[in-house]
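Working notes for the structure below.
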Amino acid sequence: MTPEELSTAISACLTEAVAAGEITVDLPDTVRVERPKSREHGDWATNIALQLGKKAGMAPRDFAQLLSARLSQVPGVSSVDIAGPGFLNITLDAAAAGELARTIVEAGSAYGHNQSLNGQVINMEFVSANPTGPLHIGHTRWAALGDAIARVLRASGAAVTSEYYINDAGNQMNVFATSVYNRMHSLPVPEGGYPGEYIQELADIVLEQAPQLKDEPLETALPQIRELAYAAQMADIKRTLADFGVSFDVYFSEATLHNAGAVNDAVARLREQGHVFDDAGAVWLRTTDFGDDKDRVMIRANGEPTYFAADAAYYLSKKDRGFEQKIYLLGADHHGYVNRLKSIAACAGDDPSHNIEVLIGQLISVNGAKLSKRAGNIIELRDLIEWIGADALRYSLARYPADSPIALDPEQLRKNSNDNPVYYVQYAHARSRAAARQAEAKGVTRGEFDASLLTHATENDLLAVLGQLPSVVAGAAESREPHRIARYLEQVAAAYHSWYAATRITPVGEDTQVTAEHSTRLWLNDATSQVLANGLGLLGVSAPEKM
RNA sequence: GCCUCCGUAGCUCAGUGGAUAGAGCGUCUGUCUCCGGAACAGAAGGUCGAAGGUUCGAUUCCUUUCGGGGGCACCA
């Protein structure tokens with residue numbers, strides 16, 4: 001029996017009690033079932049009687065008494081105790097609890113998936129680094145976290161499109177191209193230009209593809225240099241993301257918005273909505289109507305659209321493409337942008353509390369990281385991957401809530417020990433696979449399964465933890481907090497290691513007789529592998545067979 | 001000045017309107033004739049920054065306050 005099934009059973013008992021006239025109260029959609037901290041309090045506990053007792057005009061303990069009478073009749077429920085002010089402590093039959101092992105193995109990679117976000121159509125934009133240089137540490141956290149959030153949302157039934165917005169318009173692209181041009185001619189870095197060594201690499205690539213550009217003056221060479229260097233830089237970014245295990249469904253070019261007139265269209269559409277006005281030669285969006293602290297310019301007095309105008313057009317594009325929810329993942333340095341983005345949504349007639357969601361992540365730092373020589377004074381993502389490893393890096397970043405500032409300690413992350421949580425979890429997976437291989441060699445198979453044999457205290461604990469994956473995934477999706485998965489996996493690993501130390505999957509010593517206990521434990525072992533693999537998969541971290 | 005995030009064990013950090021606030025590291029004590037010791041069992045270590053308020057119950061929610069990080073462009 002899974003906690004979800006127990007929750008459903010409690011809801012059914014409540015409904016029956018209402019129908020029988022025993023209680024009069026509005027029932028919640030779902031009943032929360034929790035694993036009590038203390039084992040003395042049974043397998044599962046609920047505080048539903050405390051919540052509903054008062055509303056039903058009853059003492060919580062009396063309410064608990066009524067519910068307990070019905071609940072103890074449910075098949076699989078061994079006993080129900082009322083504790084303290086009205087907690088219901090529920091103990092399951094070993095067989096009912098153990099059945100979960102089979103449920104998980106049979107569900108396979110689908111275990112943990114849930115329908116909590118069914119029907120939601122979500123656009124998630126993250127990273128969106130400028131195409132004028134390599135990815136650096138500032139992009140790393142969202143690359144790891146954003147990708148994990150997308151996976152968690154999908155596992156909860158949402159249709160998610162992950163999107164990378166390329167800021168390939170505006171003067172910065174000309175500055176970028178000029179920087180490359182100057183490198184081609186060994187000229188100094190232009191005013192405000194890009195200094196890193198990677199510019200030289202881009203210059204080499206451009207010259208290789210179009211050697212004639214070397215003899216052309218800046219004005220005529222610039223457009224082609226811009227295109228070639230841009231393409232090379234985006235290829236580099238995509239390669240680094242791929243090495244990090246991150247892929248995007250859509251790479252959206254800002255330039256295409258300008259070229260297709262979408263920016264001007266956006267101004268016109270927002271004007272129709274009544275939120276655009278002209279002042280001092282510029283065109284403004286009255287974002288103060290929706291809580292922004294000042295109105296924002298869309299078209300400058302010189303006729304050039306602002307970056308903000310492109311953002312408005314981009315938002316409308318997402319809306320037009322049918323995304324009900326648009327999630328933006330931004331660094332803390334973009335905090336001031338949140339109200340503006342929300343105002344765009346409001347000006348477009350959307351509900352800023354529903355159709356747009358801006359997640360702000362605190363910045364990270366890495367102690368003692370080497371600064372990239374090729375890119376100037378930044379820490380490059382590709383260097384971090386090479387130094388720490390993609391798995392350790394992704395896990396470490398996914399392990400903390402986005403709003404918590406973190407300082408990574410690379411020396412710790414490079415260690416193959418318990419200092420390093422990713423190894424703890426990965427090791428548990430590798431160990432469980434090794435145990436399965438060992439079992440096979442000793443003739444243990446999953447042929448026989450008798451859940452009532454899973455009676456050891458560590459088996460009860462392990463089963464309880466394994467049963468929580470679906471609700472943990474749903475919770476992580478709802479709150480956009482994949483770190484809950486990581487923390488959960490550490491619990492799974494701990495429960496597995498305890499179980500492993502306390503019981504045997506294979507016959508030991510002279511006793512070579514394979515029993516139903518062995519084969520049943522193999523089911524539990526394999527169920528654990530599956531939960532660890534599924535959870536790590538949601539974080540974009542590998543689940544190794546061997547380490 | 002305004003906005004926002006953080007403040008929990010010696011360190012790095014989880015967590016929760018409820019029963020005894022947790023993990024790892026560090027410190028201390030144990031566990032290998034046997035499936036992977038990258039492990040397990042246990043001990044010590046806390047006025048949950050402070051003060052008010054709401055509540056049957058607050059570390060959690062609200063207000064104030066102290067300390068720290070980040071942000072407040074006709075830049076992109």
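Chain letters run A, B, ... following the sequence lines, proteins first, then strands; residues in each count from 1.
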What is the nucleic acid contact for [X], judged by heavy atoms within less than 4.0 Å: base, sugar-phosphate only, or nothing?
X	value
Arg504(A)	base
Asp403(A)	sugar-phosphate
Pro60(A)	nothing
Ala310(A)	nothing
Thr503(A)	base
Ser404(A)	sugar-phosphate
Glu545(A)	base
Met298(A)	nothing
Asn89(A)	base
Ala169(A)	sugar-phosphate
Phe308(A)	nothing

Selection from rA73(B), rG15(B), rC40(B) that lies nearest to any side-chain heavy atom of Arg296(A): rA73(B)
Side chain of Tyr400(A) - closest among rC13(B), rA19(B), rA76(B):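 Among the listed nucleotides, the one closest to the side chain of Tyr400(A) is rC13(B).
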side-chain N/O [X] vs [N] OP1/OP2, d < 4.0 Å:
X	N	value
Arg61(A)	rC56(B)	no
Thr306(A)	rC75(B)	no
His518(A)	rC35(B)	no

Can you tell me the base-pairing partner of [N]? Count Watson-Crick or G-U wobble geometry only, both distances below 3.5 Å, and say none if there is no partner.
N	result
rG7(B)	rC66(B)
rA38(B)	none
rU59(B)	none

Distance-only donor-acceptor test (3.5 Å): side chain Asn47(A), base rA19(B): no
Pair of N/O donor and acceptor under 3.5 Å linking rG69(B) base with Gln362(A) side chain: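 Under the 3.5 Å cut-off, the side chain and the base do form a donor-acceptor pair.
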Closest non-hydrogen atom pair between Tyr496(A) and Ala428(A), with its separation: CE2-O, 3.8 Å
Side chain to side chain donor-acceptor pair (under 3.5 Å) assessment of Thr288(A) paired with Asp295(A): CA-CA 6 Å; Thr288(A) 50; Asp295(A) 293 322; 2.6 Å; yes
Electrostatic pair Arg521(A):Asp526(A) at N-O distance under 4.0 angstrom: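 No, Arg521(A) and Asp526(A) are not salt-bridged.
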Face-to-face stacking of Tyr500(A) with rA39(B), centres under 5.5 angstrom, angle under 30°: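 So Tyr500(A) does not count as stacking on the base.
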